[in-house]
**Student:** 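Mind having a look at this structure? Questions to follow.
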Amino acid sequence: MKFRKTIFSATVVRGVISVVSLLVLWEAGSRLHILFLSAVPAPSEVISSLEKIIRNGKFWNDWLASYWRVAEGFIAAQIIGVPLGLAMAMNRNFYNFVFSPLEVLRPIPPLAWVPTAIIFWPTTELSIAFVIFLGAFFTVVLNVLGGARNIDERMLRAAASFGSRKSDIFWKIILPSTLPSIFTGMAVGMGITWEVVVAAEMIAGKSGLGYLTWASYVGGNYPQIIVGMISIGIAGYLSSALIRFVGKKVTPWQRQQ
Amino acid sequence: MSNNPSQSSAPAPEGAISIRNVSKIYDPEGVNVLAVDNCSIDIAPGEFCVIVGPSGCGKTTLLNAIAGFHNITHGEILLDGKAICTPTYTAPPGSERIVVFQNGALFPWSTILDNVAFGPIVQGTATKREAEEAAHRLLAELGLPDIANRYPNELSSGMRRRVEIARALINSPKVLLLDEPFRAMDALTKGVAQEFLLQVFDRVRKTVFFITHDLEEALFLADHILVMTTRPGRIKCALKVDLPRPRTFHVRASKRYLELKSEIFAAVREEAAKAFAAGERELA
């Protein structure tokens, strides 16, 4: 019953209508040669070439390659970024020490790091992972820092009043109260990560969805460009959904707000 | 007996607070603000003491000094004869002086059970399991048995405040410090919460240091009311409340309550007018 309600809810129906009409407009535009749409493969063409593409094992290897790179860079950004943000929030001296270089490096777009990364890291694969790492890293640090600094003073005082040790204050107060910000940072960071992986693969990759899309353009396989693009969209969406799912599991108290 | 609740039936050997000539000067950016000026208060063990005063009169400053959140500029505060706050020494906050905060400070990320069991676990006085059992028992005793696995934001404000009192009690503090705990409540919820606090007090007889700006609340709850003036914060007058315990809302219609009410309103009238003229918030 609940499932049925969700499927046929006004929100879902409107979403389906808008996607279908977009496809219809695109198909019509492509067939009737309206403006630049004439140069873009029609949805029907994309769908008919889809079977061949997804039967080719290489397509799925590209999915895996991109996912693997995203996972590497993203996890590295969490492992380094979360403790760094927390440490900056906890220790004024450390904050002063780290903040300035961070603020200078932060505005540099991750892709501007590509040449340096290629020179610095021994393999292309490592340099791509590094650039992806940078994409998520700054967002993660700033979110964690902001979250950990905005802890309600009353919570800290209450914890002290109950006789908490410093380690209790960290593990039982500061960390849980920062968790929502950590997951916000993860969600935003994940979005940036996909932007960066695709661009990095176009520049320097030999595999991955970004490489697939670019190689399809170079090789003149236009329907495959569209398949590559939509794959990137779906892959990014799945990653964000995973983060939201984990976030909800880990911060159950936020459900009722 | 009614005049000195410390000698009433329940045993209350600990929790005497002595505030002696305490002053506190805040010094933000070199501008001295005298928040508390030469206050002396003696609270007997097991006494319910209510400080009434307008916002910004320094009553929270006093409470924070007792709690160990900051120091004082002059004087000393003793707990059972031992100095806990002087100009040179502030005993760190601890479980013998538990604070219940103005807008509530339950940990939103912990269930009610984990909130209540928090103190004994971090103090190491009980294992996790023992603390949880004690928390279950206490919640049941206080008539809150069904909410153990809920999160604070799933509860009403009145319920949250009761949980917070339970979370304080489980530590067997010598002193309960309550900083306008019922401030943001509607009149009905507030009445229920006050009666709850009175029932708890009748049962455990801890020393209570309760802050409010609501004179009627003070009368309903207190053994001893101290009225504070604003800037500088001074004790203007003290009033013993000899209404019998246990008290229920019926006491508010009693003759003695009304006499005391007119007495205290007369006593603070001048101060209220002064505060009003100075643009401060109303006294009650």
Side-chain angles (χ1 to χ4, degrees), chain A residues 78 82-83 85-86 89-92 140 143-187 243-257, chain B residues 60 63-64 66-70 90-112 114-126 128 131 149-156 163-164 167-173 175-181:
Chain A
Q78 304 303 325
V82 173
L86 286 171
M90 307 276 293
N91 187 318
R92 188 81 217 168
V140 170
N143 267 284
V144 174
L145 177 63
R149 281 191 149 189
N150 281 329
I151 291 177
D152 192 333
E153 179 71 25
R154 283 171 309 147
M155 302 290 160
L156 297 172
R157 284 187 163 182
S161 180
F162 292 125
S164 305
R165 287 158 300 177
K166 281 213 161 142
S167 61
D168 292 319
I169 301 235
F170 178 78
W171 291 107
K172 297 185 172 176
I173 309 295
I174 293 178
L175 196 61
S177 75
T178 312
L179 266 183
S181 309
I182 292 179
F183 275 92
T184 309
M186 281 190 182
I243 301 234
R244 275 198 300 274
F245 177 77
V246 176
K248 270 189 191 160
K249 287 279 164 211
V250 179
T251 60
W253 65 90
Q254 293 223 311
R255 248 179 286 162
Q256 300 296 325
Q257 274 175 358
Chain B
T60 299
L63 182 139
N64 284 343
I66 301 172
F69 296 145
H70 59 55
T90 307
S95 60
E96 76 282 5
R97 299 161 274 147
I98 301 254
V99 183
V100 174
F101 291 88
Q102 200 171 91
N103 297 307
L106 288 177
F107 305 135
W109 49 83
S110 296
T111 60
I112 298 309
D114 290 342
N115 262 292
V116 176
F118 185 89
I121 293 175
V122 296
Q123 290 153 35
T125 53
K128 189 168 190 291
N149 296 316
R150 311 269 288 273
Y151 286 98
N153 63 18
E154 297 173 275
L155 305 180
S156 68
V163 170
E164 215 159 342
R167 183 172 75 159
L169 284 178
I170 201 170
N171 300 285
S172 319
V175 183
L176 274 176
L177 305 165
L178 296 119
D179 188 358
E180 299 203 45

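Every value quoted in this text rests on a predicted model; they were computed, and no experiment measured them. Because only heavy atoms are used, hydrogens play no part in the values below, and waters and symmetry mates are left out as well, while side chains stay in. Below, chains carry the letters A, B, ... as their sequence lines are ordered, and counting in each starts from 1.
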**Student:** Contact between B/E164 and B/P181 at the side-chain level, heavy atoms closer than 4.5 Å - yes or no?
**Tutor:**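 No, side chains not in contact.
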**Student:** Can you see which heavy atom on B/I170 is nearest to which on B/A131, and at what distance?
**Tutor:**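 Smallest interatomic distance, heavy atoms only, reads CD1-O, 4.2 Å.
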**Student:** As an exercise: rank B/N64, B/N103, B/V100 by heavy-atom pairs under 4.5 Å with chain A and give me the winner.
**Tutor:**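 Winner by heavy-atom pair count: B/N103.
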**Student:** If you compare all heavy atoms of B/N149 against all heavy atoms of B/T111, which two are closest, and at what distance to 0.1 Å?
**Tutor:**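 Scanning both residues completely, I find the closest heavy atoms to be O-CG2, 3.9 Å.
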**Student:** Out of B/G124, B/G104, B/P173, which one racks up the most heavy-atom pairs below 4.5 Å with chain A?
**Tutor:**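 With the most close heavy-atom pairs to chain A, the winner is B/G104.
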**Student:** Give a yes or no answer on whether the side chain of B/N115 reaches the backbone of B/S110 with a donor-acceptor pair at less than 3.5 Å.
**Tutor:**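 Yes; at least one donor-acceptor contact below 3.5 Å.
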**Student:** Heavy-atom distance under 4.5 Å to chain A: side chain of B/F101, backbone, both or neither?
**Tutor:**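 Just the side chain, heavy atoms under 4.5 Å.
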**Student:** Which atoms of A/T251 come close to chain B, meaning under 4.5 Å heavy atom to heavy atom: side chain ones, backbone ones, both, or neither?
**Tutor:**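 For A/T251, no heavy atom lies under 4.5 Å from chain B.
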**Student:** Which bit of B/D114 comes within less than 4.5 Å of chain A, counting heavy atoms only: side chain, backbone, both or neither?
**Tutor:**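 No part of it gets close to chain A.
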**Student:** Check each atom of B/R167 against the heavy atoms of chain A and say whether the ones under 4.5 Å are side chain, backbone, both or neither.
**Tutor:**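 B/R167 touches chain A through backbone and side-chain heavy atoms alike.
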**Student:** Examine whether an atom of A/I173 lies under 4.5 Å from a heavy atom of chain B, and if so say whether it belongs to the side chain, the backbone or both; otherwise answer neither.
**Tutor:**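 Both backbone and side chain.
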**Student:** If every non-hydrogen atom of B/R97 is compared with every non-hydrogen atom of A/S161, which pair is closest and at what distance?
**Tutor:**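 Looking at all heavy atoms of both residues, the closest pair is O-OG, 3.3 Å.
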**Student:** State which residue, out of B/L63, B/V175, B/L176, fulfils the side-chain contact (heavy atoms from CB on, under 4.5 Å) condition with B/V99.
**Tutor:**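 Among B/L63, B/V175, B/L176, the one that satisfies the side-chain contact (heavy atoms from CB on, under 4.5 Å) with B/V99 is B/L63.
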**Student:** Determine the minimum heavy-atom distance between A/V144 and A/V82, stating which atoms define it.
**Tutor:**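 Nearest heavy atoms, A/V144 then A/V82: CG1-O, 3.6 Å.
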**Student:** Under 4.5 Å from any heavy atom of chain A, what part of B/F107 do you find: side chain, backbone, both or neither?
**Tutor:**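 Contact with chain A: backbone and side chain both.
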**Student:** State the CD1-CZ distance between A/I243 and A/F183, to the nearest 0.5 angstrom.
**Tutor:**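 The CD1 atom of A/I243 sits 7.5 Å away from the CZ atom of A/F183.
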**Student:** What option among B/G119, B/G68, B/A105 has the most heavy-atom pairs under 4.5 Å with chain A?
**Tutor:**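 Most pairs with chain A among the choices: B/A105.
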**Student:** Where does A/D152 contact chain B at under 4.5 Å (heavy atoms): side chain, backbone, both or neither?
**Tutor:**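 Contact with chain B involves no heavy atom of A/D152 at all.
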**Student:** Highest number of heavy-atom pairs under 4.5 Å with chain B: which of A/G163, A/S167, A/A159, A/P176?
**Tutor:**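 Among the listed options, the one with the most contacts to chain B is A/P176.
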**Student:** Side chain, backbone, both or neither: which part of B/L106 has an atom under 4.5 Å from a heavy atom of chain A?
**Tutor:**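 Backbone only.
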**Student:** Within the 4.5 Å heavy-atom criterion, are A/M155 and B/W109 side-chain neighbours or not?
**Tutor:**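 Side-chain contact under 4.5 Å: yes.
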**Student:** Which one of B/I98, B/I121, B/N171 has the most heavy-atom pairs closer than 4.5 Å to chain A?
**Tutor:**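 Heavy-atom pairs under 4.5 Å are most numerous for B/I98.
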